[in-house]
Amino acid sequence: MPADAFPFGQSAAWTPTPEHVAGTHLARFWTRLGLDDYAALERWALDDVGRFWDAVMDDLGIEFSQPYTQILDASGGIERPRWCVGGRMNVVHNALDRWIGTPTWDRDAVRYESEEGQTRALSYRQLHEAVEACAAGLRAYGLGAGDAVGLYLPMTPEIVVAFLAIARVGGVILPLFSGYGTEAVATRLRDGGARALVVADGAPRRGRAIPMKATADAALADAPSVERVFVVDRVGDEIVGTPPVAGRDVPWADLMAAGRAAPASARACADTAAEDAAMLIYTSGTTGTPKGAVHTHCGFPVKAAQDMHHPMDVGQGDVVWWMSDMGWMMGPWLVFGTLLNGATMVLFDGAPDYPEPDRTWAMCERHGVTLLGVSPTLIRALMPHGSEPVQAHDLSALRAVGSTGSPWDPDSWRWLFETVLGGDKPILNYSGGTEISGGIVCGNHVQPLKPTGFPGPVVGMDADVVDEAGQPVRGAVGELVLRQPWIGMTRGFWDAERQSGAEAGDPAGEADDRYLASYWRQIPGLWVHGDFAAIDADGQWFLLGRSDDTIKVAGKRLGPAEVEAALNAAPEVLESAAIGVPHDVKGQAVVAFVVLAAGADASEPLRQSLVGRVADALGKALTPQAVLFTDALPKTRNAKVMRRVIRAAHLGDDLGNVTALEDESAVEAIRQAR
C-alpha cells in the first residue's frame, strides 16, 4: 500500500488537554510507579511484563486467598506461560464479595432494559444475594468444580447471575450466542462436555418472540452430556415451545428457591486456583469445529478489567453499555470488566434501532451511560437517520464511545465523533479477540487520536507490525503480532477428552497442536493474530481487516478495508465488502459487493462511478475488476462481514463452517449479485 493512501496523511482529530490527562487512571498509575509519562510507562511495562502485571493486580485491588509465589513462569516457552504460580483466588470474590462494606455495595451493578421498555436494576448487594442463591442451587442439583455449564439466553439479569454463579462454584462457564441455531448449540455443548444448560424460553427480536428452548431441545439430542436444563421465563405465553423433559428440566424459579433453602456453606466461593479454568468460549472456525479458548480465574477477568480501567478510564461510578451478547467475548468482558472496577453494566436484549432509530441515544440518556460500545456497522446503519435522533437526547454523561467488531471508514468515524461526541470526546477504537481476553490495540484518554486509528497497543501488550519474515515494517501493511505473553492469553484450546480438574495450561494433544498452529507457527516466536495492520509516520496504528482476507494484485498486498472505505464514502453506498478472486495475469483481482442506501439505483453509471472512486483512492493498478450490487452481506451475529463466505459463494466453492452466520439468505444474495 503506498504511504499516501488511506489511512495515512491525516492529522489528529482529538488531543487530550494536560488537565484531562492528569485526571486519568493511567496518569495516576504511572505517577504511583514513579514514572514521568505514558511513554515511560510503556517502556517500563515491556521491560518486564511479569513485573507489569503484578503492578496491575495491585492497581485493580485483586485479592487472593493464597498469594502467588511468582507472577509469571515462562520456563515452558512463550506459548505456554504460567501465571500467578501457587496463587489461589476466585474471580467472583473479586467481582462481588470484596465490595462488601464499601460505598460500591449499594450502587447499581446491573441496569437492564428490555426491548419492550421495562427496566430493572440490581445493586452489588442484590446481585451478590442472587449469585449466592444460584450457586447454592447449582450445588443442590449436583454441579460444582470443573463442571461446564452452557448459557443460552438473551442479555437479561439472569444471564449475569448464572454466569457468576457457575464460576462461584468452581465450574466452567460456556457462553453461547443467543441467536445460534441447533447445530451451533449442539457442537459447542458436546465439545465442551457440558453437564447443564441455562436457557431462556425465547428472546425478543423487533417485536417478535424467537424460540430458544425449542432450539436447545433439538440441540440436546446431539449433546448427551447435558443432564440438567434450567429454564428462564423471558417471553412466557408468546412462545409455544416443547414440553418440559421430566427429570431434566428445572424452572429458574425452582433453581433459585433450592439455593435460598440451602445452608450458608453452599453459597460460598469455591477455593479455586488462580489458573483453574473459569470459562470456555468458542471462536468461529473457518473450517472444522469452532475453537474453544480456555480462560482462567486470573486471566480473562484481569485483562478485561485492566483494559477498561487503563485505556478506557472506567472506575467506580461509571456506567458502561457495550452492545454485545454473552456468546461473544465482549459480553463476558463487560461483566468482568465492570464488576472488578466497581462500575455499572447496562444490559439490553433488543435491537438498538427498535422501535425507533433513537433507541440507542434514548437509552444512553435514561441510564446515564458514560462509556458506550458500538460497532462501525451500527453507526453506518444509524447515519442515514441524520442528527435529529441524537440531538433529541441529553448525552452529557457520555465520556467516550468505544468501538469494535470491524474497521472504520472515515466518514462513519467522523459522523460519530462530530454528531454524537461533539468533536471533543474520544472514540476508543478497540481490537483484539476472544483468545486475547480483550484488546491488543486501543484508543485511550492520554494520547492524540486520528480518525479510524489507534494511538498504539494497550499498555503491557508487546505488539508490532511485521513482514512475512517477522521484521518490523512502518508505512506499509504487515501482520499484527505479539512478542511477549500477557495475562489474558488463552491457555490453549479445549480438548473434549480433557479430564476434569486438569490445569488450564496443560498441553492437550490435538487441541494443543491446533492452538500452536493457529498462532505460533507462522512466524516462530511470535503470536500472529491474523489481522492486517499498519503504523504511520506519527506512530498511529490502523487495522485493515483479517490478513487471511488479504488481496494480492500483481504482488501488491491490499486490505479489503481500503477498498471498502473508498466505496463507503459514496453517499449512495450503505456498506460494502471487497474480496480477491483468481486472475490469470495478476494472480488476484478485486471484486467488490455493494449494498446501496435507500433511494439509490443500481445503475451502470453508478457502478462505473464506484469503480472510479477506488481507482482514484488506491491507484489504477488496484482498480476493481467488478463492483456488484447485492441486497445483503453475509455477517456473523456480532456484525463482522464474512468475506471468506462471500468469496466462496461468488466462486461457487464450499462455504466451510457457517454456524456463526446471522442470515443464510445473505449468501444467496451474493450469488445473485448484479
Side-chain angles (χ1 to χ4, degrees), residues 91-92 95 109-115 122 127 131 148-167 172-180 184-185 188 192 197-200 203-204 212 232 234 278-284 290 292-293 295 299-301 303-305 307-308 312 314 319-341 343-352 363 369 371-375 378 402-405 430-439 488 490 636-640 660 662:
V91 65
V92 182
V110 177
R111 292 180 191 161
Y112 163 68
E113 183 167 325
S114 72
E115 182 175 89
L122 293 174
L127 179 60
V131 170
V149 179
L151 296 176
Y152 184 48
L153 306 98
M155 293 293 273
T156 65
E158 288 80 8
I159 198 171
V160 175
V161 171
F163 181 96
L164 295 169
I166 295 163
V172 179
I173 306 161
L174 202 169
L176 302 165
F177 178 67
S178 62
Y180 273 149
V185 172
R188 289 155 177 80
L197 174 67
V198 185
V199 61
M212 296 183 70
V232 174
R234 168 60 182 91
M279 183 169 66
L280 170 60
I281 185 165
Y282 283 84
T283 65
S284 298
H295 290 292
F300 189 112
K303 168 63 173 163
D307 284 9
M308 247 190 220
M312 298 187 187
V314 170
V319 179
V320 182
W321 177 26
W322 204 287
M323 297 185 202
S324 186
D325 186 277
M326 205 61 77
W328 307 126
M329 65 140 291
M330 295 306 293
W333 179 93
L334 175 68
V335 174
F336 285 135
T338 52
L339 297 181
L340 266 63
N341 279 298
T344 300
M345 74 185 82
V346 173
L347 306 179
F348 176 54
D349 63 2
M363 284 188 57
V369 173
L371 174 63
L372 171 67
V374 300
S375 69
L378 173 63
S403 71
T404 192
Y430 185 55
S431 186
T434 303
E435 309 91 325
I436 303 295
S437 300
T490 179
T636 65
R637 292 175 174 86
N638 62 338
K640 292 184 179 180
E662 180 180 30

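Model, not experiment: these values are computed from the prediction.
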Exercise. Can you see which heavy atom on Val92 is nearest to which on Leu164, and at what distance?
Key: CG2-O, 3.3 Å
Practice problem: Kindly say whether Pro301 contributes a backbone atom to a donor-acceptor pair with the side chain of His295 at under 3.5 angstrom? | Solution: no
Quiz prompt | Atom pair CZ/CE of Phe348 and Met363 - distance to nearest 0.5 Å | solution = 5.0 Å
Practice problem: Could you please spell out the steps behind the side-chain contact (heavy atoms from CB on, under 4.5 Å) verdict for Leu340 and Val91? | Solution: CA-CA 9 Å; Leu340 266 63; Val91 65; 4.2 Å; yes
Quiz item: Could you state the interatomic distance from CZ (Arg188) to CG (Leu280), rounded to the nearest 0.5 Å?
Solution: 10.5 Å
Practice problem: Determine the minimum heavy-atom distance between Ser324 and Met330, stating which atoms define it. | Solution: OG-CB, 3.4 Å
Practice problem: Go through the steps to decide whether Ser178 and Met155 satisfy the test side-chain contact (heavy atoms from CB on, under 4.5 Å), and finish with yes or no. | Solution: CA-CA 8 Å; Ser178 62; Met155 293 293 273; over 6 Å; no
Quiz item: Between Tyr282 (side chain) and Gly192 (backbone), is there a donor-acceptor pair under 3.5 Å?
Solution: yes
Self-check item: Under 3.5 Å donor-acceptor, Asp307 side chain and Gly439 backbone
Solution: yes
Practice problem: Answer yes if the side chains of Tyr430 and Trp322 hold a donor-acceptor pair under 3.5 Å, and no otherwise. | Solution: no
Practice problem: Please report the closest heavy-atom contact between Gly337 and Met308, naming both atoms and the distance. | Solution: C-SD, 3.3 Å
Quiz item: Which is it for Met279 and Phe163 under the side-chain contact (heavy atoms from CB on, under 4.5 Å) test, yes or no, and what are the steps along the way?
Solution: CA-CA 9 Å; Met279 183 169 66; Phe163 181 96; 4.2 Å; yes
Quiz item: Is there side-chain contact between Leu339 and Met345, with heavy atoms separated by less than 4.5 Å?
Solution: yes
Quiz item: Going by heavy atoms in the side chains, are Met329 and Pro175 under 4.5 Å from each other?
Solution: no
Self-check item: Qualifying residue for side-chain contact (heavy atoms from CB on, under 4.5 Å) with Val160, from Thr338, Leu347, Leu153
Solution: Leu347
Quiz item: CZ/Phe336 to CD1/Ile173 distance, rounded to the nearest 0.5 angstrom?
Solution: 4.5 Å
Practice problem: Please round to the nearest 0.5 Å and tell me the distance separating atom CZ of Phe177 and atom CG of Asp325. | Solution: 4.5 Å
Exercise. Could you tell me which residues satisfy salt bridge (Lys or Arg N to Asp or Glu O under 4.0 Å) with Glu158, sequence neighbours excluded, listed by chain and number?
Key: Arg120
Quiz item: Is a side-chain donor or acceptor of Asp349 paired with a backbone partner of Thr156 at a separation under 3.5 angstrom?
Solution: no
Quiz item: Of Leu174, Ile166, Leu197, which is the lone residue that meets side-chain contact (heavy atoms from CB on, under 4.5 Å) with Leu151?
Solution: Ile166
Exercise. Heavy atoms only: give me the nearest Met212-Pro154 pair and the separation to one decimal.
Key: SD-CD, 3.8 Å
Quiz prompt | Closest non-hydrogen atom pair, Lys303 against Gly488 | solution = CB-CA, 3.8 Å
Quiz item: Is there a side-chain contact between Asn341 and Val320 (heavy atoms, below 4.5 Å)?
Solution: no
Quiz item: Looking at CG of Leu378 and OG of Ser403, how far apart are the two atoms once the value is rounded to the nearest 0.5 Å?
Solution: 11.0 Å
Practice problem: Nearest 0.5 Å please: distance from the CZ atom of Arg111 over to the OG1 atom of Thr344. | Solution: 5.0 Å
Exercise. Locate the shortest heavy-atom distance separating Ala304 from Trp333; write the atom from each residue and the value.
Key: CB-CD1, 3.4 Å
